[in-house]
There are 2 protein chains.
Amino acid sequence: MILAKKKIFTDFALSKGLRSTRQRDIILDIFLSTHQHISVEELYLKVKSSTPDIGQATVYRTLKLFAEAGLAREILLHDGQTRYEHVVAGEHHDHLVCTKCNSIVEFENETIEMLQNEIADRHGFQIRNHKLEIYGLCANCR
Amino acid sequence: MILAKKKIFTDFALSKGLRSTRQRDIILDIFLSTHQHISVEELYLKVKSSTPDIGQATVYRTLKLFAEAGLAREILLHDGQTRYEHVVAGEHHDHLVCTKCNSIVEFENETIEMLQNEIADRHGFQIRNHKLEIYGLCANCR
DNA sequence: TTGGTTTTGATAGTCATTTTCAATAAAACA
DNA sequence: TGTTTTATTGAAAATGACTATCAAAACCAA
Ligand SMILES: [Mn+2]
Ligand SMILES: [Mn+2]
Ligand SMILES: [Zn+2]
Ligand SMILES: [Zn+2]
């Protein structure tokens, strides 16, 4: 599946006339090796420790490309930092966010997704994406 | 209901040992006179036009207090500005956000709220609040 | 290899928000 | 009431995440 993701990006780059660069390859490898919801700064630190000559701006730029290519999703929680997570084709999930330890639990709920579509239809609204975040205390912290 | 909200803040201030100040009274009056989802800067401009000697930092600080007191809710959309809306006791709603004209439609859905509670229970999670935002094109923009 | 074009890294800039701190005002006290 | 204590304020500086700039480097089609 890592190969599949690399192909997604290669295809995207091709279709956009983007060049293949050492930096993008390395950043993609490292991003794919991570789990959970990583901030740009966190990813930059990983990248820097593997390849110190890659700059922060490049990490910002490249993560945006990954999101555009459809292999990453931007997550904005309430900590002032943009995070990215992997996108698995055809899957969607939402988040339970612990406000104490910042841990995140992912969940999927078909019924909620359906109800969202109904609501949007009722308002003549065309959904592009959505975000459902439940904040509170996780099992460990409550 | 404006009086009720003022009382909410008075009680909160009392319980927190906060002092009653001219600035807080004025900012509360002006906030209560607004509708929709107002940004701090927008509210600050209103405040300044009524009372030019009130500073921006005070507006920031005071809106946070309103949120803490439970009479305002912070809204973070994707435009880089924090917005606040009125909280009506016992009511909750979520948002359809048009990514083209930035208009917001509010909606309520009991079933979604119930499902959220079930999901949280299933994960031993204690909900403090939640946020459901549906992004897309509104009826006018699609 | 070359030459036009994209990408990069360092750095400066932006912008919303927060912090600092001395002056001021509110409550507590005498 | 005046006095003391303490919170609050406004202006300005600081912060911090992100973006723009731009000259140098890398890419790649020919
Ligand atoms: Mn996730
Ligand atoms: Mn609303
Ligand atoms: Zn927790
Ligand atoms: Zn619209």
Side-chain angles (χ1 to χ4, degrees), chain A residues 9-31 37-69 72-84 102, chain B residues 9-31 37-69 72-84 102:
Chain A
F9 187 65
T10 309
D11 292 350
F12 171 79
L14 199 67
S15 76
K16 286 275 179 176
L18 300 180
R19 291 179 179 176
S20 156
T21 70
R22 186 179 66 99
Q23 287 85 340
R24 286 174 181 158
D25 288 347
I26 292 170
I27 295 169
L28 181 52
D29 275 339
I30 294 179
F31 175 65
H37 313 83
I38 194 165
S39 72
V40 185
E41 184 66 20
E42 284 162 2
L43 190 67
Y44 168 59
L45 292 178
K46 279 180 187 289
V47 166
K48 202 168 74 168
S49 77
S50 114
T51 317
D53 63 338
I54 293 182
Q56 197 193 32
T58 301
V59 177
Y60 271 97
R61 288 187 281 235
T62 305
L63 282 173
K64 282 205 161 177
L65 288 179
F66 293 169
E68 208 185 327
R73 175 159 74 127
E74 263 187 45
I75 314 261
L76 297 183
L77 304 181
H78 285 230
D79 65 346
Q81 281 190 284
T82 302
R83 294 175 178 278
Y84 288 87
N102 294 313
Chain B
F9 187 64
T10 308
D11 291 350
F12 170 79
L14 198 67
S15 76
K16 286 274 178 178
L18 301 181
R19 290 179 179 178
S20 156
T21 70
R22 187 180 64 101
Q23 286 87 338
R24 286 174 181 159
D25 287 349
I26 292 169
I27 295 170
L28 181 53
D29 274 339
I30 295 179
F31 175 65
H37 313 82
I38 195 166
S39 72
V40 185
E41 184 66 20
E42 284 162 2
L43 190 68
Y44 167 60
L45 291 177
K46 280 181 188 289
V47 166
K48 200 170 72 170
S49 78
S50 114
T51 317
D53 63 339
I54 293 182
Q56 198 192 30
T58 301
V59 176
Y60 271 96
R61 289 188 278 235
T62 306
L63 282 173
K64 283 206 160 175
L65 288 179
F66 293 169
E68 209 185 327
R73 175 158 74 126
E74 261 187 46
I75 314 262
L76 298 183
L77 304 180
H78 286 229
D79 66 346
Q81 279 189 283
T82 302
R83 294 174 176 279
Y84 287 86
N102 294 313

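We name chains A, B, ... by the order of the sequence lines, and we start the count at 1 in each one.
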Self-check item: With sequence neighbours excluded, residues passing side chain to side chain contact (heavy atoms under 4.5 Å, CB included) with B/Lys16
Solution: B/Phe12, B/Leu18, B/Glu68
Quiz item: CG of A/Leu14 versus P of D/dC28: gap in Å, rounded?
Solution: 11 Å
Quiz item: Could you give the angle between the helix axes at the two ends of the helix from C/dT1-D/dA30 to C/dA30-D/dT1, with five pairs per end, rounded to 10 degrees?
Solution: 20°
Quiz item: Who pairs with B/Tyr60 by side chain to side chain contact (heavy atoms under 4.5 Å, CB included), at least two apart in sequence or on another chain?
Solution: B/Val40, B/Gln56
Quiz item: If the sugar-phosphate is the primed atoms plus P, OP1 and OP2 and the base is the rest, what is the B/S/- string for nucleotides 10-16 of chain C, using protein heavy atoms under 4.0 Å?
Solution: ------S
Quiz item: Is any side-chain heavy atom of A/Leu76 closer than 4.5 Å to a side-chain heavy atom of A/Thr82?
Solution: yes
Review item, side-chain donor-acceptor pairs of residues 47-54 of chain B, under 3.5 Å, at least two apart:
from	atom 1	to	atom 2	distance (Å)
B/Ser49	OG	B/Lys46	O	3.0
B/Asp53	OD2	B/Arg22	NH2	2.9

Quiz item: Rounded to whole angstroms, how far apart are CG on B/Leu18 and P on D/dT6?
Solution: 16 Å
Quiz item: Just wondering, do A/Arg73 and A/Tyr84 contact through their side chains at under 4.5 Å, heavy atoms?
Solution: no
Quiz item: Atom CZ of A/Arg83 to atom C1' of D/dA17: distance rounded to whole Å?
Solution: 13 Å
Quiz item: Partners of B/Arg19 by side-chain hydrogen bond (donor to acceptor under 3.5 Å, both in side chains), sequence neighbours excluded?
Solution: none
Practice problem: Name every residue in residues 21-31 of chain B that has at least one heavy atom under 4.0 Å from any atom of DNA chain C, in order of residue number, or write none if there are no such residues. | Solution: none
Quiz item: With B/Asn102, which residues qualify under side-chain hydrogen bond (donor to acceptor under 3.5 Å, both in side chains), at least two apart?
Solution: none
Self-check item: Pairing residues for A/Arg24 by the side-chain hydrogen bond (donor to acceptor under 3.5 Å, both in side chains) criterion, not counting sequence neighbours
Solution: none
Quiz item: Which word best sums up how the rings of A/Phe31 and A/Phe66 line up, parallel for under 30°, tilted for 30 to 60°, or perpendicular for over 60°?
Solution: tilted
Self-check item: A/Gln81: partners by side chain to side chain contact (heavy atoms under 4.5 Å, CB included), with sequence neighbours left out
Solution: A/Ser39, A/Glu41, A/Asp79, A/Arg83
Exercise. Take atom CG of B/Leu65 and atom C1' of D/dT9, then tell me their distance rounded to the nearest Å.
Key: 13 Å
Quiz item: If you find the nucleotide of DNA chain C closest to A/Val59 and the one closest to B/Val40, which residue's nucleotide is nearer the 5' end?
Solution: A/Val59
Quiz item: Can a side chain N or O of A/Lys64 be found less than 4.0 Å away from OP1 or OP2 on D/dT19?
Solution: yes
Exercise. For B/Asp11, enumerate each residue passing the salt bridge (Lys or Arg N to Asp or Glu O under 4.0 Å) test, keeping only those at least two apart in sequence or located in another chain.
Key: B/Lys7
Self-check item: Nearest to side-chain heavy atoms of B/Thr58, which nucleotide of D/dT5, D/dC28, D/dT9
Solution: D/dT9
Quiz item: Can you tell me how far C1' of D/dA25 sits from CZ of A/Arg19, to the nearest Å?
Solution: 11 Å
